Chemist: 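I have a structure I would like to understand better, so I am pasting it below and will then ask my questions one at a time.
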Amino acid sequence: MTTKLSNAQIAWRAAQDIADGAYVNLGIGFPEMVAKFQPPGRQAVFHTENGVLGFGEAPAPGTEDWDLINAGKKAITLKPGAAFFHHADSFAMVRGGHLDVAILGAYEVAENGDLANWSTGPKGVPAVGGAMDLVHGARRVAVITDHVTKDGKPKLLERCTLPLTGVGCVTRIYTSLAVIDIDNGRFVLREKLPSLSFDELQAVTGAKLHLDGPVADLIVPEI
Amino acid sequence: MTTKLSNAQIAWRAAQDIADGAYVNLGIGFPEMVAKFQPPGRQAVFHTENGVLGFGEAPAPGTEDWDLINAGKKAITLKPGAAFFHHADSFAMVRGGHLDVAILGAYEVAENGDLANWSTGPKGVPAVGGAMDLVHGARRVAVITDHVTKDGKPKLLERCTLPLTGVGCVTRIYTSLAVIDIDNGRFVLREKLPSLSFDELQAVTGAKLHLDGPVADLIVPEI
Amino acid sequence: MDKRIASLAEAVADIPDGATVMIGGFGGSGAPIELIHALIDRFLATGSPKNLTVINNNAGNGHVGIAALIEQGMVAKMICSFPRSADPRVFTELYLAGKIELELVPQGTLAERIRAGGAGIPAFYTPTSYGTDLAKGKPVAEFEGRAYVQERWLKADFALIKAELGDHYGNLTYRMAARNFNPLMASAAARTIVQVSRAVEPGGIDPEQVITPGIFVQGIVEVPNPQQEEVLNRANAYYPEVSA
Amino acid sequence: MDKRIASLAEAVADIPDGATVMIGGFGGSGAPIELIHALIDRFLATGSPKNLTVINNNAGNGHVGIAALIEQGMVAKMICSFPRSADPRVFTELYLAGKIELELVPQGTLAERIRAGGAGIPAFYTPTSYGTDLAKGKPVAEFEGRAYVQERWLKADFALIKAELGDHYGNLTYRMAARNFNPLMASAAARTIVQVSRAVEPGGIDPEQVITPGIFVQGIVEVPNPQQEEVLNRANAYYPEVSA
């Protein structure tokens with residue numbers, strides 16, 4: 001019995017909502033994994049902030065070209081029909097609303113769509129990268145995340161407590177337990193693990209879960 | 001005895017002040033003529049608003065390529081080391097202060113540096129092109145013009161009467177009679193035709209001519 | 001992913017009455033003559049589209065391309081920097097008769113407003129036009145002791161542009177100075193339709209040499225050996241052809 | 001017209017104490033390692049330049065390039081979007097000790113501020129960072145019902161960048177994703193110094209393929225087979241080399 005999805009399984013689920021031909025930016029780290037799970041017959045075009053559209057998977061170790069990297073500074077390869085451009089053009093794509101989807105990680109997401117994913121507070125070195133641009137640029141901003149923090153606290157909240165990345169920007173959250181839309185300032189449950197009751201899910205969610213139509217079973221393959 | 005310079009002679013004089021390696025934009029029409037008179041041993045790089053840097057003279061009639069034109073829609077040729085770019089990059093060069101010199105025509109120039117060269121008033125169809133960008137972009141904005149209008153009225157005035165192209169933007173005027181700097185809101189005479197007395201020049205100038213050091217003879221070749 | 005459109009007629013079929021349409025080109029260079037003429041064909045056959053707002057550097061020359069579009073009465077308003085040309089009669093007569101509206105914009109401001117539209121920048125400041133009639137009614141602000149005018153982004157429902165190579169994903173190159181406004185307009189329209197002189201497979205354009213990445217393009221139609229406005233005008237051409 | 005500089009030492013000789021220096025690259029790709037190391041050599045020999053403000057997307061990685069510049073104590077302030085890397089210790093330790101200043105800027109805003117500096121746009125509005133800590137103290141405005149933050153241009157005294165081909169007039173191309181911030185920085189600095197992997201005669205670059213036109217470049221120095229930061233860091237390199 002699945003008690004929670006692995007990161008790969010969360011990424012798989014998020015990938016199912018990406019249409020053929022969509023232009024997609026995946027945040028660095030965990031979200032990059034979404035690219036691996038494009039459904040057969042669909043081809044998305046992946047954008048990376050540092051100036052590449054249409055890149056493919058990582059090259060074989062030892063064959064890296066360090067002038068060809070993604071925003072996470074990992075080596076990538078090109079697909080036919082790729083293009084290079086400078087950073088201002090790259091963020092024109094982002095800010096100008098040309099990306100169909102951005103999928104990002106999160107420290108916290110609030111029911112009003114606020115996202116916190118860049119700073120855990122005043123300690124340490126702050127680093128923001130392109131996250132603040134992406135959340136106000138892509139037509140659809142989705143989050144993939146474990147449903148709770150490592151010590152079991154809710155990451156889905158009434159209001160974020162950490163410094164915000166963006167205001168009212170997230171519209172869908174793929175978690176290790178559920179798929180939740182943000183609609184008019186409310187968390188609306190769309191899918192949940194069949195092994196989990198609504199009340200169990202509500203208990204690990206920091207804001208009220210609303211229902212708007214049937215809740216589907218969140219079923220993903222073993223990966 | 002020369003009573004006034006021809007347009008070609010005015011253009012020749014203006015060309016003498018363009019340094020080797022300067023990036024230069026020449027307004028459409030009469031100012032384009034300046035390019036013909038670069039002093040030997042000097043090479044300027046000519047910019048045209050529609051996205052070419054490093055263009056050369058007109059092609060032989062019948063050999064025009066109408067994808068290779070200047071801002072005046074005349075066919076041009078390329079020199080080695082030329083570059084193409086789009087209109088926003090082209091005006092980044094202009095507005096961003098990267099051009100060394102812009103040389104423009106004028107209906108009127110005022111002693112405060114104001115320029116009127118785009119509209120003769122509310123009648124007819126107004127057209128501005130790139131003039132308003134050039135006057136606030138190039139490091140040095142110079143004007144070449146007949147000293148007076150066709151009916152003998154001064155074009156150099158205390159204040160412009162026609163709609164302005166730019167405020168306080170012109171620093172040097174090459175006319176059919178003189179070379180005049182604009183310095184702290186004053187016309188300062190630098191050169192005049194030797195055949196012309198100061199008083200004769202003042203009589204056809206609509207604002208006071210100041211002296212600041214010696215006035216050189218304006219001597220240009222027969223062209 | 002495959003953005004190819006089979007015909008010029010199909011390429012312009014969705015442009016509705018009242019649309020704002022950016023049309024690429026500077027004078028004749030880079031002007032998508034065939035797309036414009038396809039739009040005229042549609043208007044002559046169906047009465048649509050009309051009441052268009054057209055954004056272009058100029059306002060047509062002679063009786064082809066944008067001049068022909070205006071001559072058919074399809075254009076309610078021009079947004080441009082330089083509505084003069086070798087033969088500007090079509091626009092001039094309608095303008096002086098009060099039958100077409102004109103928004104005159106300095107050329108660099110026009111380019112930057114379009115770029116801003118594509119880049120998600122709703123407003124910016126420029127020194128251009130400060131203190132002139134073209135700045136009237138616009139907010140001004142001072143930065144580091146110099147005065148600037150606030151300008152707003154410019155977007156369109158459609159862009160009709162011309163490119164040299166285009167792959168199936170919409171990656172584009174341009175030919176010499178025909179680049180001009182085309183890449184900017186591609187980025188600033190909800191739907192960008194491109195006539196390419198040669199369609200190639202993905203991979204047929206070196207990624208280093210792509211000028212407009214396909215993300216900015218919604219449809220491409222191949223038009224080999226496109227007409228040049230300048231050549232048509234020197235032949236005193238009309239569109240549609242005037243029967244002799 | 002000939003912008004070639006004979007040596008790396010000469011290329012960086014004019015950068016004074018307290019200068020604002022844009023340094024191209026995103027992580028290691030497009031990072032002008034040899035120019036940075038030449039600047040360190042000068043500092044070690046002469047004690048200058050120091051108190052630099054450095055603008056780069058990152059704040060160095062390992063102990064080469066910008067990390068080495070910081071490690072030598074030459075940098076008073078970093079303006080960047082992401083001062084993290086595989087090995088960010090050099091910056092992190094100085095920052096937590098209060099010995100280096102940080103201005104954190106969202107990556108797209110950083111790129112656009114630099115582009116604005118080059119394009120003569122003193123300020124622009126962006127939705128990025130609205131409602132966040134990084135917008136604190138900045139003017140906000142509403143356009144068409146949406147809130148935006150006003151951001152200012154960013155310029156520099158010098159830009160040190162890396163290109164692939166460069167002709168004697170300063171026309172440049174870049175290599176793949178090494179393009180990143182380099183063309184923007186070239187436009188936004190009073191003096192742009194470029195290390196090119198191959199210098200060519202004027203005409204050696206197709207005018208269609210020029211990414212940075214020479215008007216934005218003041219000096220070029222040829223550095224064949226330039227080092228890659230990533231390769232150096234995987235070899236645990238230090239600059240200057242630590243004697244064993």
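Chain A is the first sequence line, chain B the second, and so forth, proteins listed ahead of strands; every chain is numbered from 1. Remember, it's a predicted structure, so these values are computed and weren't measured experimentally.
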Chemist: Under 3.5 Å, is there a donor-acceptor pair linking the side chains of B/Q43 and B/D20?
Modeler: no
Chemist: Which of residues 61-70 of chain C have a heavy atom under 4.5 Å from any heavy atom of chain B?
Modeler: none
Chemist: Among C/I211, C/N58, C/L134, single out the residue with the greatest number of heavy-atom pairs under 4.5 Å to chain B.
Modeler: C/L134
Chemist: For chain B, which residues from residues 23-34 of chain C have at least one heavy atom closer than 4.5 Å to it?
Modeler: C/F26, C/G27, C/S29, C/G30
Chemist: Examine whether an atom of B/V52 lies under 4.5 Å from a heavy atom of chain C, and if so say whether it belongs to the side chain, the backbone or both; otherwise answer neither.
Modeler: side chain
Chemist: So for B/S119, is it side chain, backbone, both, or neither that comes closer than 4.5 Å to the heavy atoms of chain C?
Modeler: neither
Chemist: Which heavy atom of B/L209 sits nearest a heavy atom of B/Q202, and at what distance?
Modeler: N-OE1, 2.8 Å
Chemist: Can you tell me which portion of B/F91 sits under 4.5 Å from chain C's heavy atoms? Options are side chain, backbone, both or neither.
Modeler: side chain
Chemist: Could you look at C/F181 and say if it's the side chain, the backbone, both or neither that has a heavy atom under 4.5 Å from chain B?
Modeler: both
Chemist: Run the salt-bridge test on C/E229 and C/K162 with the 4.0 Å N-O cut-off and return the result as yes or no.
Modeler: no
Chemist: Sort B/D114 into side chain, backbone, both or neither according to what part of it lies under 4.5 angstrom from a heavy atom of chain C.
Modeler: neither
Chemist: Measure B/A71 against the heavy atoms of chain C and call it side chain, backbone, both or neither at under 4.5 Å.
Modeler: both
Chemist: Give me the contact list for residues 76-83 of chain C versus chain B, heavy atoms only, anything under 4.5 Å, ordered by residue number.
Modeler: C/S81, C/F82, C/P83
Chemist: Output the option from C/A111, C/P127, C/G108 having the highest count of non-hydrogen pairs under 4.5 Å with chain B.
Modeler: C/G108
Chemist: State whether the number of non-hydrogen atoms from other residues, nucleotides or ligands found under 6.0 Å of C/K138 atom NZ is greater than 12.
Modeler: yes
Chemist: Are B/E32 and B/K74 ion-paired here, with the side-chain N under 4.0 Å from a carboxylate O?
Modeler: yes
Chemist: Quick check on B/I28 against chain C: is it the side chain, the backbone, both or neither that has a heavy atom closer than 4.5 Å?
Modeler: side chain
Chemist: Indicate yes or no: does B/R13 engage B/D17 in a salt bridge with an N to O separation below 4.0 Å.
Modeler: yes
Chemist: Using the salt bridge (charged side-chain N to carboxylate O under 4.0 Å, His left out) rule, collect all pairs that involve residues 97-108 of chain B, keeping only residues at least two apart or in two chains.
Modeler: B/D100-B/R139
Chemist: Which one, C/A177, C/G131, C/S85, C/A59, leads in non-hydrogen pairs under 4.5 Å with chain B?
Modeler: C/A177
Chemist: Between C/E230 and C/R234 (salt bridge meaning N to carboxylate O under 4.0 Å), is one present in this structure?
Modeler: yes
